[in-house]
Each structure stands twice: as structure tokens, then as C-alpha cells.
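The next block holds one structure in the form of C-alpha cells; read it before the comments.
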Amino acid sequence: MIAGNSPEYGLRKTVPDKNFMKPSKIKLLDYHPQKADMRTDVLYGLRSKPKWASSMYFYDERGSHLFDQITELPEYYPTRTEIGIMQRHAAEMCQVLGKNVMLVELGSGSAQKVGKLLDQLDEISAYVPIEISREHLINSAERLQEEYPNLEILPVCADFTAEFDLPEPAITPQRVVVYFPGSTIGNFDPPDALTLLKNCARLAGGNGGMLIGVDLRKNPDVITPAYNDNAGVTAAFNMNLLERLNRELGTNFDLEKFHHEAVWNDDESRIEMYLISDTDQQVTMGDEVIAFKQGERINTESSYKFSRERFAALAKEAGFSVNKVWTDECDWFSVQYLETVA
């Protein structure tokens, strides 16, 4: 559950904002996408049949906080399961990663999990969190800087599905390792997941690696409640997308006329999340009019669940080989270390 991808908002080369924001202890490299890109992307999705909206737009400040709440829900197994794997195996992971690593975290959010690595990595070169929510990124980077005052933290505000250059740390690393926790890789349709992994292989370079969370295929009775929690936090998270569009793009979605739903698609091995129109209605965005029929859906997110064999094949096609896999006792979730293939 995190940022997605789309035909109009795919991997692309971007250039940084020349005006670097300077929080009290860190310097932010800002590749944040401009609002014009967002409007074009959202309009493309809402004009499509069926309608969709990129899940990357979940993550304004409120959306990021709501997602943090989701990770603490009893139904949402991925976060606590992955944290358990990290607690048991972080020392071994750090041995596999090696010394003097530059750790690049995609979709860093509140940086809950990375501390398990930062505590034990030997002679780390630098930590580079990549996050699209600027405020969230600054807050978490400043908090980490206080916790690790001797660590060079180089935050980058960017859509991590875009191509961008990494900052240069003061200490030249022996290896670049891309850290991609959570089940985020599952939010991409297979062609887009392949493109993203290829870009990660480019970032890691020769002798590089990737430490990635991969949600495994399991009984749908475990998966579906994680996206339909009893407290309604996931529903609020999904609906917040419409609130953001109203605020930032001037749409006039009536939130009382939409509801959240998540369903399991066994053939595709994925959970699908929707916003569903409760009535025939029209929504405007400036001069644009988007018509909805009663029951018509906006697909806001899909989350694929992988077999080990299927993910290994995907990684190989992207230029990685699977070096090591760690799982929980139920085999619900995995953390996998990939190496770039020479």
C-alpha cells in the first residue's frame, strides 16, 4: 500500500529544484513533481475506462499520517510481520550488506524500519531517504538526524518512480544498497514493477544491492481484512485522495456520495482498492466535467502478492539475482536481498 504508477506518470528523468530547502540540520534535494503534472495525470485516469487514480497521490501530509495509523491496525499484518523479520534478522542482513554502504530508502515515510539497519550497519557512508511528501520527509529526516548525529542524511523529495540522480555523500561508499521496505513493489502492475526494479538496479550500480519487502501469496482471508479494517482507517485513507484533489486541483467531489471497497482478485493474485460512486453524478475540474454512473469505480490501488518463484523471475529480468530471503514463521511476508548481476 503506497505510491503507484501510471502510463502518464511513469519513470522519467527529472531535474532538481535549484532552490534547496534547508531545515535546521539537513539539506533537502527537491525533485517534487509540479501540480501541473498532477492535474494531467489525474485527469487522464478519470477519463479512462475503467477509471483509476495513481496511489502516489494518497501521500499528502494527512494521507501519510493515516497510513502510519493503518500500519498499527490489528488487521494490517504486513508492517508488524516485516518488523518482526527485521528484529530477528537485522544483524544478519547488515553482514550481508557489508561495510561502508550508502543506504537509499524508497518511500521512506516515517522511517520506522530503517533504524534496525542504521543501528547495526558497519561504517555506513550515508542514508538517503526518498519520499514524495515533503513535510513528512523533513520531519522524519530531522528526527533521525537527532538520533544519529554522526550520520550524513541526504533526503530527496521525489516521486521514486521517476529517474533522478542520487546526492553525493562526503564519504564515498563501497556499495549502494536500495532499501524498499513494506509491500510497495506489489502496488505496481508487472510491467511497471519491472521498470522500477530496473531503475533500482541502475541506482545501485555495479556491486550494488537491494533489500526489499515482498508480500507473499497466502489465504485471502488474511489479506482482505488488511484493506477493509473495522475502524475505517483504510476507508478514510482512500477517501482522503478525493479531499486532496478537491483542495489542490479544485475538483468538487462530494465525499458523501462515494465509499471505499477492497476486493481480492485471485486470478491476478492481487487485492484491489476502489472508490465507488453511490449515485449518478458529475464532478468538475476547472472546465472539465467527469461523469459517474451509480456503482462506477475509481481503482486507486492494486497490491500483488507473490510466490517466491514469481518474484525471483521478476528480479532476474530486472538485472538482479536473489542472494538471501528471510521470512516469518507463517511465511506470510519476506525480506529479500538482491544483488546486481554483472
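Positions are given from 1 along the sequence.
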Less than 6.0 angstrom separating the ring centers of [X] and [Y], yes or no?
| X | Y | answer |
| --- | --- | --- |
| F180 | F160 | yes |
| F333 | Y77 | no |
| Y148 | Y127 | no |

Using the rule given for ring-ring contact (aromatic ring centres under 6.0 Å, His included), can you reason through F237 versus Y59, listing the C-alpha separation, both sets of side-chain angles and the distance that settles it, and then say yes or no? CA-CA 9 Å; F237 174 74; Y59 295 94; 5.6 Å; yes

For atom NZ of K51, decide whether the heavy atoms of other residues, nucleotides or ligands shown that lie under 6.0 angstrom number more than 12.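 Yes - once you tally the heavy atoms of other residues, nucleotides and ligands closer than 6.0 Å, there are more than 12.
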
Side chains of [X] and [Y]: closer than 4.5 Å at any heavy-atom pair?
| X | Y | answer |
| --- | --- | --- |
| T224 | I271 | yes |
| S307 | L216 | no |
| L314 | F306 | yes |
| L166 | M102 | yes |
| S303 | Y227 | yes |
| L117 | C94 | yes |
| I212 | V178 | no |
| V101 | V176 | no |

Taking only residues two or more places apart in sequence or in another chain, which ones pass side chain to side chain donor-acceptor pair (under 3.5 Å) with R175?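 Testing R175 for side chain to side chain donor-acceptor pair (under 3.5 Å), a comparison that skips the adjacent residues, returns N207.
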
Enumerate the residue pairs fulfilling side chain to side chain donor-acceptor pair (under 3.5 Å) with a member in residues 94-104, sequence neighbours excluded, ordered by first and then second residue.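 Sorted pair list comes back empty.
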
Specify whether H89 and W326 have parallel, tilted or perpendicular ring planes, treating 30° as the upper limit for parallel and 60° as the lower limit for perpendicular.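 Tilted: the ring planes of H89 and W326 meet at 30° to 60°.
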
Do [X] side-chain atoms and [Y] backbone N/O form a donor-acceptor pair below 3.5 Å?
| X | Y | answer |
| --- | --- | --- |
| D280 | Q294 | yes |
| N252 | T284 | yes |
| Q145 | L151 | yes |
| N246 | G250 | no |
| T251 | L245 | yes |
| T340 | G205 | yes |
| T279 | Q281 | no |
| E75 | N230 | yes |
| S334 | V214 | yes |
| D30 | V156 | no |

Pair H65-Q69, side-chain donor/acceptor within less than 3.5 Å: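 Result is no, nothing qualifies.
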
Is a side-chain donor-acceptor pair under 3.5 Å present for N240 with D60?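 Note: D60 and N240 side chains meet the donor-acceptor criterion.
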
Salt bridge between [X] and [Y], side-chain N to carboxylate O under 4.0 Å?
| X | Y | answer |
| --- | --- | --- |
| R80 | E82 | no |
| R39 | E248 | no |
| E243 | R247 | no |
| K198 | E317 | no |
| E92 | K324 | yes |

Are [Y] and [X] co-members of a hydrophobic cluster defined by side-chain heavy atoms under 4.5 Å apart?
| X | Y | value |
| --- | --- | --- |
| L255 | V233 | yes |
| I83 | V222 | no |
| I276 | L46 | no |
| I153 | L211 | yes |
| L118 | Y337 | yes |

With D331, which of K305, K218, R308 fulfils salt bridge (Lys or Arg N to Asp or Glu O under 4.0 Å)?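 The salt bridge (Lys or Arg N to Asp or Glu O under 4.0 Å) with D331 is passed solely by R308 among K305, K218, R308.
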
Could you walk me through whether E272 and N265 satisfy the side-chain hydrogen bond (donor to acceptor under 3.5 Å, both in side chains) test, starting with their C-alpha distance in whole Å, then the side-chain angles of each, then the deciding distance to 0.1 Å, before giving a yes or no? CA-CA 7 Å; E272 299 169 351; N265 183 331; 2.9 Å; yes

Atom [atom1] of [X] and atom [atom2] of [Y]: how far apart are they, to the nearest 0.5 Å?
| X | Y | atom1 | atom2 | answer |
| --- | --- | --- | --- | --- |
| M273 | T300 | CE | OG1 | 4.0 Å |
| H259 | D278 | NE2 | CG | 5.5 Å |
| L106 | L196 | CG | CG | 7.0 Å |
| I85 | W332 | CD1 | CH2 | 11.5 Å |
| F320 | M210 | CZ | CE | 5.5 Å |
| D189 | Y304 | CG | OH | 3.5 Å |

Residues two or more places apart in sequence or in another chain: which of them pass salt bridge (Lys or Arg N to Asp or Glu O under 4.0 Å) with R217?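 So R217 forms a salt bridge (Lys or Arg N to Asp or Glu O under 4.0 Å) with D266.
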
Run the side-chain hydrogen bond (donor to acceptor under 3.5 Å, both in side chains) test on N238 and Y274 for me, step by step, so that the C-alpha distance in whole Å, both residues' side-chain angles and the decisive distance to 0.1 Å come before the verdict. CA-CA 8 Å; N238 203 8; Y274 296 99; over 6 Å; no

Of the non-hydrogen atoms in [X] and [Y], which two are nearest, and what is the gap between them?
| X | Y | value |
| --- | --- | --- |
| A226 | Y76 | O-CD1, 3.4 Å |
| F188 | A193 | CB-N, 3.6 Å |
| E152 | I171 | OE1-N, 4.3 Å |

Side chain to side chain contact (heavy atoms under 4.5 Å, CB included) assessment of W264 paired with S269: CA-CA 8 Å; W264 173 249; S269 191; 4.1 Å; yes

Determine, step by step, whether Y57 and S54 satisfy the side chain to side chain contact (heavy atoms under 4.5 Å, CB included) criterion, reporting the C-alpha distance in whole Å, the side-chain angles of both residues, the deciding distance to 0.1 Å, and the verdict. CA-CA 6 Å; Y57 299 123; S54 173; 4.0 Å; yes

For a side chain to side chain contact (heavy atoms under 4.5 Å, CB included) check, start with the C-alpha distance between M239 and L275, then their side-chain angles and the critical distance, and finish with the verdict. CA-CA 7 Å; M239 295 293 290; L275 291 167; 3.4 Å; yes

Please step through side-chain hydrogen bond (donor to acceptor under 3.5 Å, both in side chains) for the pair T81 and D328, ending with a clear verdict. CA-CA 7 Å; T81 306; D328 61 285; 5.4 Å; no

Please step through salt bridge (Lys or Arg N to Asp or Glu O under 4.0 Å) for the pair E105 and K113, ending with a clear verdict. CA-CA 10 Å; E105 183 176 8; K113 300 163 190 167; over 6 Å; no

